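These values consider heavy atoms only, across backbone and side chains, with no hydrogens, waters or symmetry-generated copies. Note that the structure is predicted; figures quoted are calculated from it, not measured. When a residue number appears, it is its place in the shown sequence, counting from 1.
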Amino acid sequence: MKTTAVTESGAAHAREAAHAPGAALAPGAALAPGGALADAALALDGVGRTYGRGAPALDRVSLVVPRGRFIAVMGRSGSGKSTLLRCAAGLERPTTGTVRIGGTDLATLKTAGLTRLRRDRVGFVFQSLNLVSALNVRENVTLPLLLAGAREGRALDARALAGLAAVGLADRAEDTPDNLSGGQRQRVAVARALVNEPEVVFADEPTAALDPVTAAGVLALLRRAVDERGTTVVLVTHDPVAAAWTDEAVFLDGGRLVGRLDRPDESGVREMLGAHVLAGHADAGFRRVAVAR
Ligand SMILES: Nc1ncnc2c1ncn2[C@@H]1O[C@H](COP(=O)(O)OP(=O)(O)OP(=O)(O)O)[C@@H](O)[C@H]1O
């Protein structure tokens with residue numbers, strides 16, 4: 001695949017990111033309450049999810065994501081990426097294991113508390129969570145703030161406009177989403193996800209429907225949130241080009257975490273997807289794969 005200049009600069013940007021590597025826990029490893037791991041933006045410990053009588057969609061996944069880190073979750077179709085994201089984001093309760101966001105064990109929260117946590121501390125950029133077409137772009141961006149109890153008014157609008165300016169769409173604030181292109185709508189979705197300054201943003205294939213240059217623009221916005229605000233971003237993607245914007249890629253196969261790359265580049269990711277992940281399915285153990293740069 002031809003790499004665009006924008007994409008190369010994104011990959012270089014990701015390579016230059018100087019964050020400490022994330023940690024992966026052995027299945028079943030304990031998280032010390034109040035310890036360094038409890039301070040992570042996101043920590044999964046032995047998380048599993050089974051639907052009905054089928055094989056586990058997610059199988060004892062343990063993963064610690066420090067604050068201010070951009071992580072890609074990769075793997076072939078059906079490997080459990082979206083299930084991991086839904087469990088990690090508190091949209092679905094895991095069958096086994098523990099999920100912590102900023103030290104809060106999600107299992108300790110009742111439905112209302114979980115809703116509050118998702119509203120106040122988490123941002124979402126999902127293909128399926130589209131913008132509300134009955135509201136204009138500015139109103140779409142203010143929605144999370146209103147749901148969190150903010151009062152309508154100039155201060156709220158100013159915050160939405162600042163968010164839209166950051167994604168280059170301040171001049172489209174009064175348009176309806178239907179009048180925007182797919183890429184512009186995704187940029188509004190990013191502005192909406194970031195407006196209440198969440199600790200963690202979960203993004204499920206946010207660039208899947210976009211051309212490479214537009215996709216790079218959306219990924220650059222997420223990268224900037226990580227670098228400038230210290231936001232943690234968890235990105236589910238099939239795309240090695242998208243993964244190259246992140247600090248770390250983790251690989252799922254058959255619901256298990258089977259590998260990871262620090263500062264992934266396109267070729268390293270392709271190699272993992274093509275060889276290690278598929279061939280490594282029989283090996284249930286978690287493997288660290290060092291890639292020379
Ligand atoms: N609500 C559900 N009910 C039953 N099975 C489910 C449900 N959600 C996911 N699964 C199953 O769990 C497994 C993992 O699905 P998941 O959507 O997490 O994979 P994925 O890696 O995100 O796939 P894709 O890349 O195709 O989106 C699949 O076998 C899927 O059929």
Side-chain angles (χ1 to χ4, degrees), residues 6 9-22 36 38-43 63-73 85 88-90 100-104 116-126 129 137-138 140-150 155-170 173 184 186-204 206-207 215-237 242-249 262-264:
V6 181
S9 84
H13 192 174
R15 278 195 291 277
E16 282 157 16
H19 297 291
D39 194 39
L42 174 70
L63 179 71
V64 176
V65 186
R67 293 180 197 279
R69 194 161 174 81
F70 194 173
I71 182 170
V73 178
L85 206 72
R100 286 184 177 81
I101 290 181
T104 304
R116 258 197 312 278
L117 175 134
R118 283 198 306 260
R119 195 187 59 197
D120 298 344
R121 296 170 60 184
V122 172
F124 295 96
V125 190
F126 282 13
L129 290 181
V137 164
R138 173 179 48 75
N140 265 281
V141 175
T142 56
L143 205 51
L145 297 169
L146 288 170
L147 291 173
L156 199 68
D157 287 345
R159 243 173 113 177
L161 288 174
L164 284 168
V167 301
L169 288 173
Q184 288 168 334
Q186 278 305 57
R187 279 151 64 197
V188 175
V190 171
R192 182 180 63 177
L194 294 173
V195 74
N196 56 354
E197 303 189 352
E199 292 163 42
V200 188
V201 170
F202 293 96
D204 198 352
T207 56
V218 170
L219 291 161
L221 293 171
L222 294 173
R223 182 75 246 172
R224 220 163 77 204
V226 172
D227 292 340
E228 294 178 6
R229 300 186 185 193
T231 310
T232 299
V233 177
V234 181
L235 168 77
V236 164
T237 181
W245 286 80
T246 69
D247 301 316
E248 176 181 1
D262 269 337
R263 298 183 295 159

Asks: Determine whether more than 12 heavy atoms belonging to other residues, nucleotides or ligands lie under 6.0 Å from atom CZ of R119.
Replies: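 Yes, enclosed.
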Asks: Short question: side chain of T231, backbone of A225 - any donor-acceptor pair under 3.5 Å?
Replies: yes
Asks: Ignoring hydrogens, what is the shortest heavy-atom contact between A191 and G163? Give both atom names and the distance.
Replies: CB-O, 3.8 Å
Asks: Of all heavy-atom pairs between A173 and L161, which one has the smallest distance, and what is that distance?
Replies: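 Closest pair (atom of A173, atom of L161, distance): CB-CD2, 3.5 Å.
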Asks: Quick check on side-chain contact (heavy atoms from CB on, under 4.5 Å): which of V200, V125, V226, L219 does V233 satisfy it with?
Replies: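 It is V226; the other options fail the test.
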Asks: Could you state the interatomic distance from CG (D227) to CG (L222), rounded to the nearest 0.5 Å?
Replies: 11.0 Å
Asks: Can you give me the closest heavy-atom contact between P144 and N196, atom names plus distance?
Replies: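 Reported closest heavy-atom pair: CB-ND2, 4.2 Å.
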Asks: Enter the distance from R229:CZ to E197:CD here, rounded to the nearest 0.5 Å.
Replies: 5.5 Å
Asks: Taking only residues at least two apart or on different chains, which pairs with a member in residues 155-170 satisfy side-chain hydrogen bond (donor to acceptor under 3.5 Å, both in side chains)?
Replies: R138-D157
Asks: Just jot down the side-chain contact (heavy atoms from CB on, under 4.5 Å) partners of A249, sequence neighbours excluded, or say none.
Replies: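 Scan of A249 (side-chain contact (heavy atoms from CB on, under 4.5 Å), adjacent residues dropped) gives A72, M74, F251, P264.
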Asks: Considering residues at least two apart in sequence or located in another chain, which fulfil the side-chain contact (heavy atoms from CB on, under 4.5 Å) criterion with Q184?
Replies: L169, R172, L180, S181, R187
Asks: Hey, is R67 close enough to D247 for a salt bridge, meaning N to O under 4.0 Å?
Replies: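 No, this pair does not count.
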Asks: Could you report the tightest heavy-atom contact between T237 and A243, atom names first, then the distance?
Replies: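 Residues T237 and A243, closest heavy atoms: CG2-N, 4.4 Å.
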Asks: Kindly give the heavy-atom pair with the smallest separation between P198 and A193, and that separation in Å.
Replies: CG-O, 3.2 Å
Asks: Might you point out which heavy atoms bring R118 and F124 nearest each other, and give the distance in Å?
Replies: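 Shortest heavy-atom separation between R118 and F124 comes out as CD-CZ, 3.9 Å.
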Asks: So do the side chains of V188 and V141 get within less than 4.5 Å of each other, counting heavy atoms only?
Replies: yes
Asks: Is any side-chain heavy atom of W245 closer than 4.5 Å to a side-chain heavy atom of L235?
Replies: no
Asks: Which of these passes side-chain contact (heavy atoms from CB on, under 4.5 Å) with L42: V64, V234, L63?
Replies: V234
Asks: Restricting to side-chain hydrogen bond (donor to acceptor under 3.5 Å, both in side chains), what partner residues turn up for D204, sequence neighbours left out?
Replies: S82
Asks: If I take atom CD1 from residue I101 and atom OG1 from residue T104, how far apart are they, to the nearest 0.5 angstrom?
Replies: 8.0 Å
Asks: Name all residues meeting the side-chain contact (heavy atoms from CB on, under 4.5 Å) criterion together with A150; count only those two or more places apart in sequence or in a different chain, and write none if there are none.
Replies: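 Applying side-chain contact (heavy atoms from CB on, under 4.5 Å) to A150 gives L145, L156.
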